[in-house]
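Following: one structure in structure tokens, then a few remarks.
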Amino acid sequence: MKLAEVIEMLDQAYPPRLAEGWDSVGLVCGDPESEVTHVLVCVDVTAAVVDAALARGAQLLIAHHPLLLRGVDTVAASTPKGALIHRLIRGGCALFTAHTNADRARGGVNDALAGALGLEVTGPVEHLDAPLRLDRWGVMVPPARADEVLAAMFEAGAGEVGEYSECAWRVDGVGQFRPGDDASPAIGSARELTALAETRIELVAAPAHRERIARALRDAHPYEEPAHDVVELVGAEREWGLGRIGTLPEPMSLAAFTAHVAQALGSPARAAGDPDATIRTVAVCGGAGDSLLGTVGRLGVDAYVTGDLRHHPVDEHLRAGGPAVIDAGHWGTEFPWCASVAELLWPYLDVAVHDAPTDPFTVRAAPTADA
């Protein structure tokens, strides 16, 4: 497959429009026209991960965390991140990231985390702040050219609704027009009223695609002045947001559930709360999730699984009567997503997951019993 085709699959699974405004997602380096046969999926782009990608001859490295998240003015090989970029380019390996868009998307980071813990998902912790914005396009076209115009608009990004693509509606009718003296009509003559059979096609698209769709429409349409309209829709279907809420197949104590989290994720886990408390309903958020503590506290769940929890926010959360919290680490709560990406691409490519933890904390110690 060409890299551009792989990117299209990834963008459909984890739409870039779901990413936070501060985020950096998508292709970091690489030629979209290059061929891809081998892929490596990881959480973090580290020197060891780049070593592994180049050793297996991967032409694409897919990461969750952006390598270049903040603005940079150099990617010189003398800088830590620039050195990795140079190595990837010299090795013919592209780099693609899906970050907060993968956090929010159905089938993304949080669904993978919930699945790893055996939860039956019932919804997100936090919906997107606003409904999904959509345009509705209406185009008049000769019936014989409707398929051609639709195909061009689909290619430009129109016709996608949730998990469906190439969505459109058609109705046949009769249109009319009278060309002016300086017009060059594809049908009819100047000053003569022309009536003819036409098909109206309607389809939706994200507002971000307006310019590209308009250009595709003009290029594919046989008319000198294609008759079309664009209406911005209000109150379209909400897309899922951050985190997931789910239920356990069987209730268990917090102590047992914490052990279950550590075993399921292959990552150390610590909990705050009554060890004997019964856990049935659980909220999860991959990565650093203490920003959602207030939201989780209003959900009525029994426990919240996330990473990077801090002392004071957790203490205040529990004092306010919030549910028990389990910290299973940043890497541990996001790593299950790597298998989801691999499953998405396995039918088409040779995909491997970098399963060696990229958690920067590599040494752990506990006090002795008499300490």
**Study point:** Validation row: Leu150, Leu203 side chains within 4.5 angstrom (heavy atoms)
**Key:** yes
**Study point:** Flag if over 12 foreign heavy atoms under 6.0 Å of CZ, Arg310
**Key:** no
Exercise for review: Give a yes-or-no answer on whether the side chains of Asp276 and Ser253 include a donor-acceptor pair shorter than 3.5 Å.
Suggested key: no
Exercise for review: Output, in order, the C-alpha distance, side-chain angles, deciding distance and verdict of salt bridge (charged side-chain N to carboxylate O under 4.0 Å, His left out) for Asp219 and Arg215.
Suggested key: CA-CA 6 Å; Asp219 290 345; Arg215 184 167 57 250; 5.4 Å; no
Review point. Between the side chains of Glu316 and His312, does any donor sit under 3.5 Å from an acceptor?
Key: no
Point to revise | Donor-acceptor under 3.5 Å (Thr79 side chain, Val75 main chain) | key: no
Check your understanding: For Glu343, does the CD atom sit with more than 12 other heavy atoms under 6.0 Å from it, leaving out its own atoms?
Key -> no
Practice item. Would you check if Leu60 and Phe96 make a side-chain contact, meaning some heavy-atom pair closer than 4.5 Å? Key: yes
Check your understanding: How close do Pro207 and Asp135 get, heavy atom to heavy atom, and via which atoms?
Key -> CA-OD2, 3.4 Å
Check your understanding: Are Gln59 and Glu35 close enough that some pair of their side-chain heavy atoms sits under 4.5 Å apart?
Key -> no
Practice item. Step through the shown structure and confirm whether more than 12 heavy atoms of other residues, nucleotides or ligands are within 6.0 Å of CD on Glu224. Key: yes
Check your understanding: For the side chain to side chain contact (heavy atoms under 4.5 Å, CB included) test, which of Arg218, His228, Glu198 pairs with Tyr223?
Key -> Glu198
Check your understanding: Could you give the distance from CG (Asp359) to CH2 (Trp331), rounded to the nearest 0.5 Å?
Key -> 8.0 Å
Exercise for review: Begin from the C-alpha positions of Glu192 and Arg178 and carry the test salt bridge (charged side-chain N to carboxylate O under 4.0 Å, His left out) through to its verdict.
Suggested key: CA-CA 5 Å; Glu192 292 185 2; Arg178 190 188 302 272; over 6 Å; no
Check your understanding: Judged by atom type as modelled, is there a donor-acceptor pair below 3.5 Å linking the side chain of Lys2 to the main-chain atoms of Pro32?
Key -> no
Review point. Atom CD1 of Ile85 and atom CD1 of Ile89: how far apart are they, to the nearest 0.5 Å?
Key: 6.0 Å
Point to revise | Heavy-atom side-chain proximity of Asp302 to Thr278 below 4.5 angstrom | key: no
Practice item. For the pair Arg170 and Asp147, evaluate salt bridge (charged side-chain N to carboxylate O under 4.0 Å, His left out) and give the outcome as yes or no after the intermediate values. Key: CA-CA 11 Å; Arg170 311 183 191 203; Asp147 289 339; 2.5 Å; yes
Review point. Considering all heavy atoms of both residues, which atom of Val301 and which atom of Ala283 are nearest to each other, and what is their separation?
Key: CG2-CB, 4.1 Å
Revision key, fill the gap. When rounded to the nearest 0.5 Å, the distance separating CD of Glu225 from OG of Ser184 is 10.5 Å
Check your understanding: In a check of side chain to side chain contact (heavy atoms under 4.5 Å, CB included) between Tyr304 and each of Leu292, Ile326, Val282, which one passes?
Key -> Leu292
Point to revise | Heavy-atom pair of closest approach, residues Pro222 and Val141 | key: CD-CG2, 4.3 Å
**Study point:** Those residues that, when tested against Asp23, pass side chain to side chain contact (heavy atoms under 4.5 Å, CB included) (two or more places apart)
**Key:** Ala19, Glu20, Val25, Pro66, Leu69, His99, Thr100
Revision key, fill the gap. One should read off an interatomic distance between Ser34 OG and Met1 CE, to the nearest 0.5 angstrom, of 11.5 Å
Study note, to complete from the structure: In Thr306, Val284, Ile245, the residue satisfying side chain to side chain contact (heavy atoms under 4.5 Å, CB included) with Val125 is Ile245
Check your understanding: Is there side-chain contact between Trp337 and Asn110, with at least one heavy-atom pair below 4.5 Å?
Key -> no
Check your understanding: Can you check side chain to side chain contact (heavy atoms under 4.5 Å, CB included) on Val28 and Leu68, steps first, answer last?
Key -> CA-CA 8 Å; Val28 178; Leu68 305 177; 4.0 Å; yes
Review point. Can you tell which of His64, His65, His354 makes a side-chain hydrogen bond (donor to acceptor under 3.5 Å, both in side chains) with Asp44?
Key: His65
Review point. Among Val305, Val109, Asp111, Leu113, which residue meets the side chain to side chain contact (heavy atoms under 4.5 Å, CB included) test with Arg244?
Key: Asp111
Check your understanding: Which pair of non-hydrogen atoms, one from Gly107 and one from Ser340, has the smallest distance, and what is that distance?
Key -> O-CB, 4.1 Å
Point to revise | Side-chain touch Pro15/Asn101, heavy atoms, less than 4.5 angstrom | key: no
Practice item. Measure the shortest side-chain to side-chain distance between Asp229 and Arg200 over non-hydrogen atoms and say whether it is less than 4.5 angstrom. Key: yes
Practice item. Please check if the side chain of Arg298 supplies one atom and the backbone of Gly294 the other of a donor-acceptor pair under 3.5 Å. Key: yes
Review point. Less than 4.5 Å apart, any side-chain heavy atom of Leu193 and any of Phe177?
Key: no
**Study point:** Sequence-distant partners of Leu54, side chain to side chain contact (heavy atoms under 4.5 Å, CB included), two or more places apart
**Key:** Val50, Arg87, Cys93
Review point. How far does CG of Leu88 sit from CG of Leu95, to the nearest 0.5 angstrom?
Key: 6.0 Å
Review point. Between atom CD of Gln12 and atom CG of Leu344, what is the distance when rounded to the nearest 0.5 Å?
Key: 9.0 Å
Exercise for review: Provide the closest heavy-atom pair for Gly287 versus Thr333 in the form atom of the first, atom of the second, distance.
Suggested key: N-OG1, 2.9 Å
Check your understanding: Do any N or O atoms from the side chain of His317 and from the backbone of Pro323 form a donor-acceptor pair under 3.5 angstrom?
Key -> yes
Point to revise | Whether over 12 other heavy atoms sit under 6.0 Å from Glu5 CD | key: yes
Exercise for review: Any pair with a residue in residues 261-273 that passes side-chain hydrogen bond (donor to acceptor under 3.5 Å, both in side chains), sequence neighbours left out, goes on the list, sorted by first then second residue, please.
Suggested key: Arg270-Asp327
